[in-house]
Amino acid sequence: MTTIQWFPGHMAKARKQVQEKIKQVDLILEVVDARTPESSRNPMLDEIIGEKPRMMILNKQDLADPALTREWVQYYQDQGFAAIATDAQHAKRLQQIPQLATKLMAEKIARKKARGIRNPMIKAMCIGIPNVGKSTVLNRLVHRNIAVTGNKPGVTKNQQWLKASDNFQLLDTPGILWPKFASQTIGMRLAFTGAIADAVFQEDVVGLYGLTYFMAHYPDALKKAYHLTDADLQAAPHDLLVKLTRTQGFGEEFNRMAERLIFDARQGKLGRFTLEKPGETDAETE
Ligand SMILES: Nc1nc2c(ncn2[C@@H]2O[C@H](COP(=O)(O)OP(=O)(O)OP(=O)(O)O)[C@@H](O)[C@H]2O)c(=O)[nH]1
Ligand SMILES: [Mg+2]
């Protein structure tokens with residue numbers, strides 16, 4: 001299997017900046033991709049954050065498998081995190097974030113009030129890997145499009161403070177990956193969902209990973225999207241990729257079909273999907 005890895009210089013710098021700011025913030029909002037929650041958690045950030053109160057935000061839930069999202073939220077709550085699933089394109093549910101933040105900070109707020117501070121400020125730092133929707137979530141919370149967002153990884157280049165209210169301030173940060181993924185399956189999941197720059201990986205390898213996963217877990221979605229039969233789904237993934245390349249009009253250009261499949265999946269054209277289940281180890285899915 002080819003190795004996927006992406007840790008350019010700007011991420012090393014962004015990590016250093018997170019380290020520098022960590023003391024100034026009360027709370028961490030860790031945004032992950034609901035389609036691949038555990039693989040989209042940066043283990044490097046764990047070390048930096050330490051014991052700071054943390055809220056897990058499983059964003060892009062509109063694209064993820066709803067039953068598995070419920071399992072993942074429960075999984076993180078069982079681990080003692082405040083965890084919620086969000087769709088940052090719709091503001092309504094996001095109001096749970098300041099409510100939860102206030103709850104998490106209740107003791108600290110009470111201590112500050114006891115010291116005579118009438119309206120204590122909560123400062124939260126939003127962190128996560130690239131393209132999971134950090135800036136979009138924050139824009140919703142401040143009700144304005146202040147932070148730049150975009151449908152590719154690496155859009156936010158610098159940290160930026162945003163004011164949600166008189167007592168809630170948010171720090172947007174650039175998405176950060178880490179120097180070595182523990183397994184190549186993690187790289188595949190992150191490439192497939194768009195956290196890794198497309199130029200860094202081979203579409204045919206990642207497309208074939210996605211096709212194999214969908215054949216095993218979401219065959220009906222594939223059948224519907226590409227007009228396939230049950231017999232087609234019995235083929236080896238590589239043979240199905242060859243067939244799809246031809247039937248979708250790409251001739252012998254397997255790369256282009258793989259690219260199309262990745263694009264369709266990211267757009268939601270293959271239905272809602274989640275690439276990992278709580279408690280599953282990568283060895284089971286390699
Ligand atoms: N479907 C869907 N798309 C979303 C959601 N949240 C964000 N997006 C889209 O995902 C893309 C990335 O969003 P950003 O907010 O720029 O992501 P980011 O985490 O700040 O990315 P970096 O700055 O690169 O680290 C944009 O095209 C958003 O419109 C969501 O909940 N659902
Ligand atoms: Mg951003």
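For this chain, numbers begin at 1 and follow the sequence in order. Order of listing sets the numbers, starting from 1, for every ligand and every atom in it.
By the 4.0 Å N-to-carboxylate-O rule, Lys277 lies too far from Glu71 to be salt-bridged with it. With respect to the salt-bridge test (charged N to carboxylate O, under 4.0 angstrom), the residues Arg256 and Glu203 do not qualify. Ion pairing between a basic and an acidic side chain is recognised when a charged N comes within 4.0 Å of a carboxylate O; Asp230 and Lys223 show such pairing. Residues Arg266 and Asp198 are paired through a salt bridge, judged by an N-O separation under 4.0 Å between the basic side chain and the carboxylate. The existence of a salt bridge linking Asp172 and Lys134 is excluded, since no basic side-chain nitrogen approaches an acidic carboxylate oxygen closer than 4.0 Å. We find that Lys60 and Asp87 are not joined by a salt bridge, their nearest charged nitrogen and carboxylate oxygen being 4.0 Å or further apart.
Distances between N or O atoms of Pro130 and those of ligand 1 include no value under 3.5 Å. Considering backbone and side-chain atoms alike, Asp172 places every N or O at 3.5 Å or more from each N or O of ligand 1. Residue-to-ligand polar distances keep Pro174 apart from ligand 1: every N/O pair is separated by 3.5 Å or more. Considering backbone and side-chain N/O atoms, Ala88 comes within less than 3.5 Å of an N/O atom of ligand 1. An N or O contact shorter than 3.5 Å links Lys60 to ligand 1 by distance.
A heavy-atom distance below 4.5 Å is found between the side chains of Leu27 and Leu104. For the pair Met44 and Pro179, the minimum side-chain heavy-atom distance is below 4.5 Å. Side-chain atoms of Tyr76 and Arg41, non-hydrogen and from C-beta on, do get closer than 4.5 Å to each other. In this structure, the side chains of Leu177 and Pro130 come closer than 4.5 Å at one or more pairs of heavy atoms. Looking only at side-chain heavy atoms (C-beta outward), Thr245 and Glu252 stay at 4.5 Å or farther from each other.
Contacts between Asp62 and ligand 1 below 4.0 angstrom, taking non-hydrogen atoms only, involve the side chain exclusively.
Shown in contact with Gly154 at under 4.0 Å from a heavy atom are these atoms of ligand 1, numbered in order with element: 24 (O). For ligand 1, the atoms lying closer than 4.0 Å to a non-hydrogen atom of Gly175 are 25 (O). For ligand 1 and Asp87, the ligand atoms under 4.0 Å from any heavy atom of the residue are 30 (C), 31 (O), 32 (N). Close approach to Thr136 involves these atoms of ligand 1, each under 4.0 Å from a residue heavy atom: 7 (C), 13 (O), 14 (P), 15 (O), 28 (C). Atom numbering of ligand 1 starts at 1 in the shown order; those under 4.0 Å from a heavy atom of Leu63 are 1 (N). Within ligand 1, the atoms closer than 4.0 Å to a non-hydrogen atom of Pro153 are 24 (O), numbered from 1 in the order shown.
Protein heavy atom nearest atom 21 (O) of ligand 1, with residue, atom name and distance: Asn131 N, 3.0 Å. Counting only heavy atoms of the protein, atom 16 (O) of ligand 1 lies nearest to Gly150 N, 3.1 Å. In this structure, the protein non-hydrogen atom closest to atom 17 (O) of ligand 1 is Gly133 N, 3.1 Å. Of the protein's non-hydrogen atoms, Lys134 NZ, 2.7 Å is the one closest to atom 25 (O) of ligand 1. Considering only non-hydrogen protein atoms, atom 6 (N) of ligand 1 sits nearest to Asn59 ND2, 3.0 Å. Remark: minimum distance from atom 29 (O) of ligand 1 to any protein heavy atom is reached at Gln89 NE2, 4.0 Å.
Counting only protein N, O or S atoms, 2 lie closer than 2.8 Å to the Mg ion (ligand 2).
Cation-pi contact between Lys123 and Trp161: present, with separation from the ring centre below 6.0 Å and deviation from the ring axis of at most 45°.
Here the closest heavy-atom approach between residue Ala34 and residue Gln61 is recorded as CB-CA, 3.9 Å.
A donor-acceptor pair shorter than 3.5 Å can be found between the side chains of Ser135 and Thr156.
Screening Gln17, Lys21, Glu20 for a side-chain hydrogen bond (donor to acceptor under 3.5 Å, both in side chains) involving Gln159 leaves a single residue, Lys21.
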